[in-house]
Student: 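Here you go, one structure.
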Amino acid sequence: MLAYQFTTWEQDFELCEVPTPEPGPGETLIRVAGAGVCHSDLYLCDWPQSSLPSYDLPFTVGHEITGWVEETGPGVSGLEAGTAVAVYGAWGCGACGQCAIESENYCENAAEVVASGPGRPGLGRDGGIAEFFLAPMSHHLVPLPSDLDPVEAAPLTDAGLTTYHAIRQSLDRLGEGSTAVVIGIGGLGSLAVQILRALSAAQVIAVDIAPARLEVARRHGAHHALLSTENPSEAISDLTGGRGADLVLDIVGIDDTLSLAASAAAIRGHITVVGIGPGSFPMGYLHVPRGLSASTVFWGTIPDLAEVVALAGTGAVKSDTETFSMEEAPIAYQRLRDGSLEGRAVIVPHDPR
Ligand code: NAD
Ligand code: ZN
Ligand code: ZN
């Protein structure tokens with residue numbers, strides 16, 4: 001089968017011919033419907049090997065995966081062939097305190113999971129940009145609602161899941177009269193705007209460096225959309241009567257956006273850093289609003305995935321997608337890199353797309 005693989009450190013991925021996997025005990029073979037292209041993948045091939053976990057190459061990339069059950073191995077029950085599923089990718093060790101409370105995404109043994117355990121799909125072991133994907137554990141397969149197109153659902157497994165997880169943790173801040181700011185309206189940010197509108201009463205202010213992305217934010221219900229180059233922190237102050245934002249989601253994570261997040265936050269506000277940019281900001285008593293808190297997030301939980309998929313099933317949240325064939329995967333990554341995608345790129349390995 002065809003698979004798009006990370007074969008050489010600090011080089012672009014390559015389209016390869018590899019054997020189709022066969023499901024062993026406990027494993028499920030998935031016929032891939034769609035595999036989303038995430039900005040994090042660019043860090044895989046751009047960042048030096050020393051800055052990334054000790055992945056063994058080659059492996060197939062793609063960690064946003066949906067598909068249909070093709071075949072199950074011995075011991076797998078309850079998954080009929082043809083069932084449409086979303087693949088949960090933030091696999092944990094299954095044994096630590098975080099895994100015990102259904103937070104595999106915060107597994108305390110994540111380094112061992114990558115180095116010598118099951119790994120994570122598309123991040124050290126074979127992922128979903130291939131004709132078939134082998135899921136080692138069936139509890140990571142979340143059935144899709146029948147009215148949700150599996151191709152459109154692919155971005156929900158990371159772009160949707162991560163933003164849903166981040167927003168759900170802060171919902172108690174987002175009542176009437178509150179404000180949420182989303183910085184970075186790409187694949188994740190455009191879903192964050194929709195999830196905020198669907199779940200909260202907050203005024204939603206979107207910020208991006210690209211004017212076209214502000215249009216996307218407005219289309220998805222943002223009340224205001226501001227260019228990051230035009231002093232957005234002053235505009236956010238005006239739009240909140242001088243209070244600032246109760247929640248800022250920084251989905252870029254560079255010095256400039258983190259500094260904007262700190263200046264845009266309200267007293268007792270919260271900053272959630274979602275973007276994996278290399279930035280930082282001064283978190284000190286004299287530097288930030290009183291009572292400010294800040295956190296990072298990593299992906300989300302299995303219950304979060306079931307909830308965001310159900311929310312999409314109601315039509316309240318919809319991924320903008322642009323589909324590409326396997327042969328077009330390099331073009332999809334190039335378009336992500338140069339910022340010219342109009343929706344989340346989803347690789348669709350089987351016809352018809
Ligand atoms: P994307 O390329 O689709 O979107 C990035 C957006 O940020 C674009 O619209 C771009 O115009 C905008 N942007 C860039 N620089 C900006 C600036 N200075 N100010 C304002 N906007 C700016 O990327 P994506 O796939 O949505 O991923 C976004 C980030 O989230 C990446 O850093 C990615 O690695 C990270 N991510 C984190 C997690 C997690 O678990 N924490 C999960 C998935 C992705
Ligand atoms: Zn991702
Ligand atoms: Zn664990």
Side-chain angles (χ1 to χ4, degrees), residues 1-8 13-38 41 44 53-95 99 104 107 112-144 150-151 153-154 156-158 302 305 309 323-329 346-353:
M1 66 171 188
L2 284 175
Y4 199 48
Q5 293 209 316
F6 186 20
T7 56
T8 314
F13 309 136
E14 284 182 272
L15 196 59
C16 303
E17 187 71 44
V18 301
T20 302
E22 287 178 19
E27 296 176 334
T28 304
L29 186 67
I30 305 293
R31 179 181 166 87
V32 175
V37 168
C38 178
D41 292 335
L44 276 183
S54 54
Y55 296 143
D56 283 335
L57 307 192
F59 62 84
T60 302
V61 293
H63 54 269
E64 286 190 338
I65 313 161
T66 52
W68 300 275
V69 172
E70 176 80 3
E71 191 185 343
T72 53
V76 178
S77 58
L79 283 173
E80 294 295 314
T83 305
V85 291
V87 177
Y88 175 78
W91 304 342
C93 71
C99 287
E104 286 187 58
C107 175
E112 290 80 6
V113 166
V114 168
S116 52
R120 285 176 169 149
L123 299 163
R125 70 170 283 151
D126 287 340
I129 304 186
E131 292 172 62
F132 293 91
F133 166 74
L134 192 64
M137 287 165 278
S138 55
H139 78 278
H140 292 140
L141 302 176
V142 172
L144 288 173
V151 173
L156 297 174
T157 60
D158 175 27
I302 295 176
L305 179 56
V309 156
T323 57
F324 297 83
S325 66
M326 286 297 294
E327 291 77 9
E328 291 166 337
V346 176
I347 311 298
V348 179
H350 300 277
D351 285 334
R353 334 194 236 141

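Being a predicted model, the structure only gives us computed values, none of them experimental.
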Student: Applying side-chain contact (heavy atoms from CB on, under 4.5 Å), name anything that partners Ala153, two or more places apart in sequence or on another chain.
Tutor: Thr66, Leu144, Leu148, Leu156
Student: Under 3.5 Å, side-chain donor or acceptor atoms of residues 116-139 against the rest of the protein: list the pairs with distances, not counting sequence neighbours.
Tutor:
residue : atom : partner : partner atom : Å
Ser116  : OG   : Glu112  : O            : 3.3
Arg120  : NE   : Trp91   : O            : 2.8
Arg120  : NH2  : Trp91   : O            : 2.9
Arg125  : NH1  : Pro118  : O            : 2.8
Asp126  : OD1  : Thr60   : N            : 2.9
Asp126  : OD1  : Thr60   : OG1          : 3.4
Glu131  : OE2  : Leu2    : N            : 2.7
His139  : NE2  : Glu104  : OE2          : 3.0

Student: I'd like a table of donor-acceptor pairs (distance under 3.5 Å, sequence neighbours excluded) in which one partner is a side-chain atom from residues 16-28, with atom names and distances.
Tutor:
residue : atom : partner : partner atom : Å
Glu17   : OE2  : Met1    : N            : 3.1
Glu27   : OE1  : Gly24   : N            : 2.6

Student: With rounding to the nearest 0.5 Å, note down the distance linking OG1 in Thr7 to CG in Leu15.
Tutor: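 If we round to the nearest 0.5 Å, Thr7:OG1 and Leu15:CG are 11.0 Å apart.
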Student: Can you pull out every salt bridge (charged side-chain N to carboxylate O under 4.0 Å, His left out) where at least one residue sits in residues 55-77? Sequence neighbours excluded, please.
Tutor: Glu64-Arg344
Student: Testing Val85, Val76, Thr83, Ile65 one by one against Leu141 for a side-chain contact (heavy atoms from CB on, under 4.5 Å), which residue passes?
Tutor: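 Of the listed residues Val85, Val76, Thr83, Ile65, the side-chain contact (heavy atoms from CB on, under 4.5 Å) partner of Leu141 is Val85.
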Student: Identify the heavy atoms of Thr157 and Ala86 that sit nearest to each other, and give their distance.
Tutor: CG2-CB, 3.7 Å
Student: Restricting to non-hydrogen atoms, name the atom on Ala154 and the atom on Ala35 that form the minimum distance, rounded to 0.1 Å.
Tutor: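 Shortest heavy-atom contact: CB-N, 4.3 Å.
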Student: Determine the minimum heavy-atom distance between Cys93 and Cys99, stating which atoms define it.
Tutor: N-SG, 3.5 Å
Student: Which residue pairs pass the ring-ring contact (aromatic ring centres under 6.0 Å, His included) test with at least one member in residues 55-88, sequence neighbours excluded?
Tutor: Phe6-Phe59, Tyr55-Phe59, His63-Trp299, Tyr88-His140
Student: Would you say that Phe13 contacts Asp41 through its side chain, given a criterion of any heavy-atom pair below 4.5 Å between the two side chains?
Tutor: yes
Student: Who are the side chain to side chain donor-acceptor pair (under 3.5 Å) partners of Thr8, not counting sequence neighbours?
Tutor: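 Here no residue qualifies.
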